[in-house]
Undergrad: 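One structure, as structure tokens, below. Some questions next.
Positions are given from 1, in the same order as the sequence printed here. The figures that follow rest on heavy atoms only: side chains count, while hydrogens, waters and symmetry mates do not.
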Amino acid sequence: MERPDRSNPKDDMTITDAATARLDDRAGLPEATGLDACDAPPACDAEDSETRLIREVLSRVGDKWSLLVIRMLHEHSMRFTELHRSIDGISHRMLTQTLRNLERDGLVSRTSYPEIPPRVEYAATDLGRSLALPVLGLVEWASANHTSITRARDAFDAARD
């Protein structure tokens, strides 16, 4: 059996890489490969639509601000200012954008009360609370493994020096 030429990135490409490259190509990004992950166009269209949606959702829930907002709202509702003060480093604009995106995805609800001054509260929806469980699990994992990660980083950096 002939060994692949490792100087050619296409030889190391997996089906997932090829599918991602295809999606990036369709999004107007430079073509990463000449590989086509799908054999039959009808299956590709359905798969690409689902893949695109999954990537969008993972992108949304995987960004640090969304994770922090979901974490803060999973137990009780909060007003914007309270939420802003609770998340160190987030700008007013970024919090507004994050809340809108989470509300659009059904992870956060916004309730406006007809009072003077107006009062608006944000809360995690059932879907948002269901996301909080894996997020908190990830936080626990990071806490339990941060020493090992720090050691690995130090060893990696020392080997490069």
Undergrad: Flag yes if more than 12 heavy atoms outside Asp88 fall under 6.0 Å of its CG atom; otherwise flag no.
TA: no
Undergrad: Which residues pass the ring-ring contact (aromatic ring centres under 6.0 Å, His included) test with His92, not counting sequence neighbours?
TA: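 Only Phe80 meet the ring-ring contact (aromatic ring centres under 6.0 Å, His included) criterion with His92.
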Undergrad: Check whether any side-chain N or O of His84 sits under 3.5 Å from a backbone N or O of Ile90 as a donor-acceptor pair, and report yes or no.
TA: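 Judged by distance alone, yes, a pair lies under 3.5 Å.
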Undergrad: Tell me, please, which residues at least two apart from Arg85 pass side chain to side chain contact (heavy atoms under 4.5 Å, CB included).
TA: Thr81
Undergrad: To the nearest 0.5 angstrom, please state how far the CG atom of Leu83 sits from the CD atom of Glu121.
TA: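 CD of Glu121 is found 11.5 Å from CG of Leu83.
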Undergrad: I'd like a table of donor-acceptor pairs (distance under 3.5 Å, sequence neighbours excluded) in which one partner is a side-chain atom from residues 148-156, with atom names and distances.
TA:
from	atom 1	to	atom 2	distance (Å)
Ser148	OG	Arg151	NH2	3.4
Thr150	OG1	His146	O	2.8

Undergrad: Would you be so kind as to tabulate the donor-acceptor pairs closer than 3.5 Å made by side chains of residues 65-73, with sequence neighbours excluded?
TA:
from	atom 1	to	atom 2	distance (Å)
Ser66	OG	Arg60	O	3.0
Ser66	OG	Asp63	OD1	3.4
Ser66	OG	Asp63	OD2	2.8

Undergrad: At what distance, to the nearest 0.5 angstrom, does OH of Tyr122 lie from CZ of Arg100?
TA: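 Result: 7.5 Å between the selected atoms.
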Undergrad: Who passes side chain to side chain contact (heavy atoms under 4.5 Å, CB included) against Glu103, sequence neighbours left out?
TA: Arg110
Undergrad: Could you state the interatomic distance from CD1 (Ile54) to CD (Glu56), rounded to the nearest 0.5 Å?
TA: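 Reported to 0.5 Å precision, the distance equals 10.5 Å.
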Undergrad: If I take atom OG1 from residue Thr98 and atom NZ from residue Lys64, how far apart are they, to the nearest 0.5 angstrom?
TA: 10.5 Å
Undergrad: Using atom types as modelled, flag every donor-acceptor pair under 3.5 Å from a side chain in residues 126-145 to any protein atom, sequence neighbours excluded.
TA:
from	atom 1	to	atom 2	distance (Å)
Asp126	OD1	Arg129	NH2	2.5
Arg129	NH1	Ala124	O	2.4
Ser130	OG	Leu127	O	2.6
Asn145	ND2	Trp141	O	2.9

Undergrad: Please confirm whether the backbone N or O of Gly106 pairs with a side-chain atom of Thr125, one donor and one acceptor, at under 3.5 Å?
TA: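 Answer holds: yes.
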Undergrad: Is the number of heavy atoms from other residues, nucleotides or ligands under 6.0 Å of Arg119 CZ greater than 12?
TA: yes
